[in-house]
J.: 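The structure is given below, and queries will be raised subsequently.
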Amino acid sequence: MRCELDSSTENEALKETIVARILSEGAISFRQFMALALYHPYLGYYSAWRGKMGREGDYLTSPEVSPIFGMLMGRQIEEMWESQGRPPTCQVAEVGAGTGALCRDLLRWARRAAPAFFRAVDYIIVETIGALAERQRMSVEADREIAQHVRWTEALPSAIEGCILSNELLDSMPVYRVAVEQATLREVFVGWDGKRFVEELGPPSSMEVELYFQRLGLLPGEGCRAEVNTEALAWVRQAADALRRGFILTLDYGYEASELFAPWRRDGTLACFYRHSFSTDPYARLGRQDMTSHVDFTSVRRVGEDAGLTTLGIASQAEFLSNLGIADVLSGPKEGEISLEEYYARRRATTELLDPAALGRIRVLVQGKGSEGHSLTGLGRNSG
């Protein structure tokens with residue numbers, strides 16, 4: 001495969017860095033390529049904040065749609081806190097907090113609607129990218145009372161009691177890309193032919209890749225390509241180890257393994273986004289576009305269970321938010337409560353958050369430790 005580059009929108013310095021790596025070491029794994037493109041400490045997509053999230057950026061996540069999302073997540077985490085006996089401190093560790101909108105909106109709701117919970121919250125934002133941490137501080141610290149409940153760290157703390165939360169974190173992790181040829185697993189490597197990046201197939205560079213499919217007892221279909229996200233599994237193990245008592249809320253695009261690696265899914269799920277335009281070419285707009293791939297929830301769930309977590313349930317975001325009462329905001333404006341303009345803004349936001357073709361199809365996985373037997377409203381009948 002030969003991949004043409006759009007020099008008008010790519011980061012030339014990043015391109016030179018990746019090419020130099022290839023010329024020095026030979027073809028690199030796609031996972032290495034993706035890690036450099038997204039997370040190079042100075043040149044990567046996420047390292048230089050330029051308003052990537054939101055309507056004016058490259059893609060839209062649920063917290064940027066409306067404060068309604070933060071309100072409903074607050075309701076669920078408050079219920080989790082109550083199920084633990086309302087301890088004096090409820091730690092909420094959000095890993096990869098984006099713009100900080102979820103933290104800000106959740107705490108604003110709690111201050112207004114659940115003051116006892118608000119007083120208990122110790123909100124920990126886990127962020128390794130300095131530009132993003134600065135953007136989060138701008139969002140959160142504008143409200144001094146809220147800021148008193150928030151702190152930042154680069155690593156997930158240990159012995160957390162409360163909730164570990166991630167929203168569209170796992171799907172942004174660098175992945176291996178694989179192909180199946182004559183019933184044999186092959187890995188995609190990225191080379192350079194002097195003018196452009198080229199893809200090459202070779203034996204898997206890591207036993208992790210082969211073991212991944214052995215554990216599942218399946219392979220992608222003949223001639224298919226697919227992604228393998230071993231970092232997601234490592235993250236789940238880390239989160240399970242960090243949680244002493246409470247819950248892990250994982251929200252992400254994804255499928256069960258049987259659907260993710262189905263024979264009809266010929267090209268995997270790798271997707272790129274630039275100014276809300278979709279592409280499947282990871283070599284265009286280098287350093288200027290986001291890359292994601294869908295999460296294998298079968299493997300994520302099993303790894304959590306192997307690490308000592310109990311799976312409490314899984315639902316689509318549309319189901320989860322509906323169970324938490326999103327319809328409440330569509331009951332119509334009451335006289336003197338909200339304006340007609342605000343009512344229609346809420347209705348538009350609700351439609352976006354529940355859209356089964358977009359944000360509504362995000363999956364919400366809830367696992368816990370020391371939380372067996374608890375029924376959670378967001379999971380509805382799947383809980384307990």
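Throughout, numbering of the chain's residues begins at 1 and tracks the sequence.
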J.: Between Glu256 and Phe297, is there a donor-acceptor pair closer than 3.5 Å when you use the side chain of the first and the backbone of the second?
T.: no
J.: With a 4.5 Å cut-off on side-chain heavy-atom distances among I, L, V, M, F, W and Y, is there a chain of contacts connecting Val198 to Leu201?
T.: no
J.: Between Phe33 and Phe197, does the ring centre distance come in under 6.0 Å?
T.: yes
J.: Glu342 vs Arg346, test: salt bridge (Lys or Arg N to Asp or Glu O under 4.0 Å). Steps then yes/no.
T.: CA-CA 6 Å; Glu342 171 63 17; Arg346 291 184 184 183; 3.0 Å; yes
J.: Verify, without hydrogens or angle tests, whether Glu187 (side chain) and Ser205 (backbone) share a donor-acceptor contact under 3.5 angstrom.
T.: yes
J.: Salt bridge (Lys or Arg N to Asp or Glu O under 4.0 Å) for Asp241 and Lys369? Distances and angles first, verdict last.
T.: CA-CA 10 Å; Asp241 186 58; Lys369 186 181 290 184; over 6 Å; no
J.: Is a side-chain donor or acceptor of Thr351 paired with a backbone partner of Arg347 at a separation under 3.5 angstrom?
T.: yes
J.: Passes side chain to side chain donor-acceptor pair (under 3.5 Å), Glu127 versus Trp152? Steps please.
T.: CA-CA 7 Å; Glu127 184 58 72; Trp152 278 260; over 6 Å; no
J.: Rounded to the nearest 0.5 Å, how far apart are CG of Leu36 and CG of Leu43?
T.: 9.5 Å
J.: What verdict does the side-chain contact (heavy atoms from CB on, under 4.5 Å) test give for Phe320 and Leu354, after you've listed the backbone C-alpha separation in whole Å, the side-chain angles of each residue and the deciding distance to 0.1 Å?
T.: CA-CA 9 Å; Phe320 195 75; Leu354 300 182; over 6 Å; no
J.: Under the salt bridge (Lys or Arg N to Asp or Glu O under 4.0 Å) criterion, do Arg151 and Asp122 qualify, and how do the steps go?
T.: CA-CA 8 Å; Arg151 55 192 171 105; Asp122 173 23; 2.8 Å; yes
J.: Between Ser24 (side chain) and Ala20 (backbone), is there a donor-acceptor pair under 3.5 Å?
T.: no
J.: Hey, is the main chain of Leu170 close enough, under 3.5 Å, to the side chain of Asn229 for a donor-acceptor pair?
T.: yes
J.: Does the structure place the NZ or CZ of Arg111 under 6.0 Å from the centre of the six-membered ring of Phe117, at an angle of no more than 45° from the ring's axis?
T.: no
J.: Can you measure from CD (Gln136) to CD1 (Ile125) and round to the nearest 0.5 angstrom?
T.: 5.0 Å
J.: Taking Glu161's backbone N and O only, do any of them form a donor-acceptor pair with Gln91's side chain (distance below 3.5 Å, no angle check)?
T.: yes
J.: Could you see if Leu260 belongs to whatever hydrophobic cluster contains Leu218? Use Ile, Leu, Val, Met, Phe, Trp, Tyr and a side-chain cutoff under 4.5 Å.
T.: yes
J.: Among the clusters formed by ILVMFWY side chains lying less than 4.5 Å apart, do Phe189 and Val178 turn up in the same one?
T.: no
J.: Under 6.0 Å between ring centres, would you say that holds for Phe213 and Phe261?
T.: yes
J.: Assess the side chains of Thr310 and Glu305: does a donor N or O sit below 3.5 Å from an acceptor N or O?
T.: no
J.: Can you tell me how far the OH atom of Tyr42 sits from the CG atom of Leu14, to the nearest 0.5 Å?
T.: 14.0 Å
J.: For Tyr253, which of Thr269, Asp171, Val295 qualifies under side-chain contact (heavy atoms from CB on, under 4.5 Å)?
T.: Asp171
J.: Looking at the rings of Tyr39 and Tyr46, which for Trp means the six-membered one, are their centres under 6.0 Å apart?
T.: yes
J.: So, Thr99 versus Glu64: side-chain donor-acceptor pair below 3.5 Å or not?
T.: yes
J.: Less than 3.5 Å apart, any donor N or O on the side chain of Ser316 or Arg361 sitting next to an acceptor on the other?
T.: no
J.: Taking Arg21 for the side chain and Ile28 for the main chain, is one N or O donor matched with an acceptor at less than 3.5 Å?
T.: no
J.: Can you tell me if Glu154 and Thr128 form a side-chain donor-acceptor pair at under 3.5 Å?
T.: no
J.: Taking Ser158 for its side chain and Ala242 for its backbone only, find out whether a donor-acceptor pair lies under 3.5 Å.
T.: no
J.: Could you tell me which non-hydrogen atom of Gln76 sits nearest to which non-hydrogen atom of Leu379, and how far apart they are?
T.: OE1-N, 4.5 Å
J.: Verify the cluster assignment for Val188 and Leu286: are they in a single hydrophobic cluster under the rule of side-chain heavy atoms below 4.5 Å apart?
T.: no
J.: What orientation do Phe30 and Tyr283 show, parallel under 30°, tilted 30 to 60°, or perpendicular over 60°?
T.: perpendicular
J.: Are the side chain of Gln182 and the backbone N or O of Thr184 linked by a donor-acceptor pair below 3.5 Å?
T.: no
J.: So, for Arg288 and Tyr274, which heavy atoms are closest and what is the spacing to 0.1 Å?
T.: O-CD1, 3.3 Å
J.: More than 12 heavy atoms of other residues, nucleotides or ligands under 6.0 Å from CD of Glu25: yes or no?
T.: yes
J.: Where do Val175 and Ser293 come nearest, in terms of heavy atoms and distance?
T.: CG1-OG, 3.4 Å
J.: In terms of hydrophobic clustering (I, L, V, M, F, W, Y; side-chain heavy atoms under 4.5 Å; direct or indirect links), are Leu38 and Val19 co-clustered?
T.: yes
J.: Between the side chain of Asp252 and the main-chain N/O of Leu169, is any donor-acceptor distance below 3.5 Å?
T.: yes
J.: Checking Gln289 against Ser279 for the side chain to side chain donor-acceptor pair (under 3.5 Å) test, could you report, in this order, the C-alpha distance in whole Å, the side-chain angles of both residues, the deciding distance, and whether it holds?
T.: CA-CA 9 Å; Gln289 66 177 3; Ser279 166; 4.7 Å; no
J.: For the residue pair His149 and Phe118, categorise the inter-ring angle as parallel (less than 30°), tilted (30 to 60°) or perpendicular (more than 60°).
T.: tilted
J.: The test is salt bridge (Lys or Arg N to Asp or Glu O under 4.0 Å); show your working for Glu199 and Arg225 and say whether it passes.
T.: CA-CA 12 Å; Glu199 292 186 346; Arg225 293 204 170 192; 2.6 Å; yes
